[in-house]
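Just so you know, these numbers come straight off a predicted model, no measurement behind them. Only heavy atoms go into these numbers, but all of them, side chains included; no hydrogens, no water, no symmetry mates.
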Amino acid sequence: GSLGGEDGRDTRVREKPPWRVLFFGTDQFAQETLRALHAARENKEDVLIEKLEVVTLPSPSPKGLPVKQYAVQSQLPVHEWPDVGSGEYDVGVVASFGRLLSETLILKFPYGILNVHPSCLPRWRGPAPIIHTVLHGDLITGVTIMQIRPKRFDVGPILKQETIPVPPKSTAMELEALLSRLGANMLISVLKNLPESLKNGKQQPAEGVTQAPKISVGTSCIKWEEQTSEQIFRLYRAIGNIIPLQTLWMENTIKLLDLVEVNNLVLADAKLTRQTLTPGSIIYHKQSKILLVYCKDGWIGVRSVMLKKTLTATDFYNGYLHPWYQKNSQVQPNHCKFKTLRLPTKKKPENKLLLCNSALSN
């Protein structure tokens, strides 16, 4: 088949591999997809990809984002968005790119643009699907290879979808590594039968749509009265490596760096059972060298915090909590507690506010 080019010349449309691919991506997840595409281009026995170029976003880091680092190291041509080069390609591939692609751009590719999306669409449409999977305690996740449609994120037809169980207590970072490998392999299998995969694409179901908006700094503020220990641990596993969880102590912002689950032996301690406790109450447990903090339904443990500098739980107790108790020996210990940090909010349209607040609503 052939398509008429804008200047009237005919551009041949390839009906089978090898394909000419333009890849759009930024982060570690996307780097794994690019690695698989590059390996396929280097494989001379099973020729799947003839040409591979890369589009990435500008970065404040001199090295650039993970995708750029890999592309430069592998001597692949790199374009910085919005520059997409001027070459001819058969198909575009997007993974973690975070920019809406115009209809004009999509139409430049005879086979359109494919997206490697780490969720079982239509669940978790949007820029932070893996974080929301962990945050909401999903038991099943997966990867969807879909065809991009203009104007809206993650709404195109599904070409391939695979599910996997979420490993218990996995962090978003661990889950990302797992899904990035799955997604890369799935993409290669779709490219091997591209025309057929596109012909058999299925529209996404109208039911089960959920949104995965970007996480704001406000999400990291623990709400002691509202959140259960399970929700706080999920939050820690979902975003702890990007934004440390935050709270307020004596008008100081404190970051909680290393959270641990509290075992039953510690919970049986008389020190914990004989006091009247309110959410945010802090007790230092000497034997296990952790701070115990009371939340809506029980305890979480904290091994280290940041207040001006990083402190172990023992340092925080010796330098701050113990002196406070000595000065205020007549006051109930629950006066010396963590409180919910309220960050100043920027005015946003109502529907955006709803999206941001939905992160913890499950």
Side-chain angles (χ1 to χ4, degrees), residues 131-132 134-137 169 171-172 215-264 266-286 288-308 310-317 319-325 328 331-345 353 356-362:
I131 286 175
H132 285 273
V134 174
L135 198 53
H136 290 76
K169 298 182 184 176
T171 64
I215 293 300
S216 66
V217 178
T219 309
S220 69
C221 301
I222 298 175
K223 301 172 179 70
W224 300 105
E225 292 82 5
E226 295 170 32
Q227 289 172 287
T228 63
S229 54
E230 172 61 22
Q231 285 173 317
I232 293 168
F233 281 119
R234 279 189 209 156
L235 182 62
Y236 175 62
R237 292 195 293 265
I239 68 167
N241 67 306
I242 318 166
I243 315 170
L245 305 196
Q246 303 186 83
T247 190
L248 198 64
W249 182 75
M250 299 292 163
E251 306 310 314
N252 296 294
T253 298
I254 285 197
K255 291 175 178 164
L256 308 183
L257 302 181
D258 188 3
L259 269 60
V260 288
E261 292 190 16
V262 184
N263 68 40
N264 292 334
V266 174
L267 293 174
D269 194 315
K271 201 174 177 188
L272 271 61
T273 51
R274 67 170 179 250
Q275 290 187 29
T276 311
L277 296 157
T278 57
S281 298
I282 317 161
I283 289 174
Y284 174 65
H285 193 260
K286 267 195 178 127
S288 45
K289 296 181 179 171
I290 57 173
L291 295 172
L292 300 170
V293 192
Y294 195 67
C295 51
K296 184 183 175 181
D297 72 336
W299 298 92
I300 65 159
V302 181
R303 275 211 194 106
S304 62
V305 301
M306 182 177 274
L307 175 75
K308 297 179 189 161
T310 303
L311 302 165
T312 63
T314 308
D315 293 338
F316 180 68
Y317 173 73
Y320 294 92
L321 286 187
H322 187 56
W324 187 91
Y325 288 136
N328 302 278
V331 184
Q332 280 294 312
N334 65 22
H335 283 267
C336 171
K337 64 179 195 173
F338 287 153
K339 293 178 183 171
T340 298
L341 174 64
R342 311 275 175 198
L343 294 175
T345 53
L353 270 177
C356 293
N357 292 340
S358 73
L360 296 172
S361 63
N362 226 21

- Message: What I want to check is whether the side chains of Y284 and T314 have a donor and an acceptor closer together than 3.5 Å.
- Response: yes
Taking atom [atom1] of [X] and atom [atom2] of [Y], what is their separation to the nearest 0.5 Å?
| X | Y | atom1 | atom2 | value |
| --- | --- | --- | --- | --- |
| I282 | Y317 | CD1 | OH | 12.0 Å |
| E261 | I300 | CD | CD1 | 10.5 Å |
| T278 | E225 | OG1 | CD | 8.0 Å |
| S304 | L259 | OG | CG | 9.0 Å |
| T171 | Y236 | OG1 | OH | 9.5 Å |
| I254 | F338 | CD1 | CZ | 4.5 Å |

Restricting to non-hydrogen atoms, name the atom on [X] and the atom on [Y] that form the minimum distance, rounded to 0.1 Å.
| X | Y | value |
| --- | --- | --- |
| K289 | A313 | O-CB, 3.6 Å |
| A172 | A238 | CB-O, 3.3 Å |
| V266 | S288 | CG2-OG, 3.9 Å |
| S229 | D297 | N-OD1, 2.9 Å |
| C295 | I232 | CB-CD1, 3.7 Å |
| R237 | E230 | NH2-OE2, 4.0 Å |

Within the 4.5 Å heavy-atom criterion, are [X] and [Y] side-chain neighbours or not?
| X | Y | value |
| --- | --- | --- |
| I222 | Q227 | yes |
| L245 | I239 | yes |
| L277 | W299 | yes |
| R342 | T340 | yes |
| T228 | F233 | no |
| L256 | V293 | no |
| M250 | Y320 | no |

- Show your working on side chain to side chain contact (heavy atoms under 4.5 Å, CB included) between I243 and T219 and close with a plain yes or no. CA-CA 9 Å; I243 315 170; T219 309; over 6 Å; no
- Sequence neighbours excluded - side chain to side chain donor-acceptor pair (under 3.5 Å) pairs with any residue from residues 239-254: S220-Q246, W224-T247
- Item | Test side chain to side chain donor-acceptor pair (under 3.5 Å) applied to K296 - qualifying residues, sequence neighbours left out | none
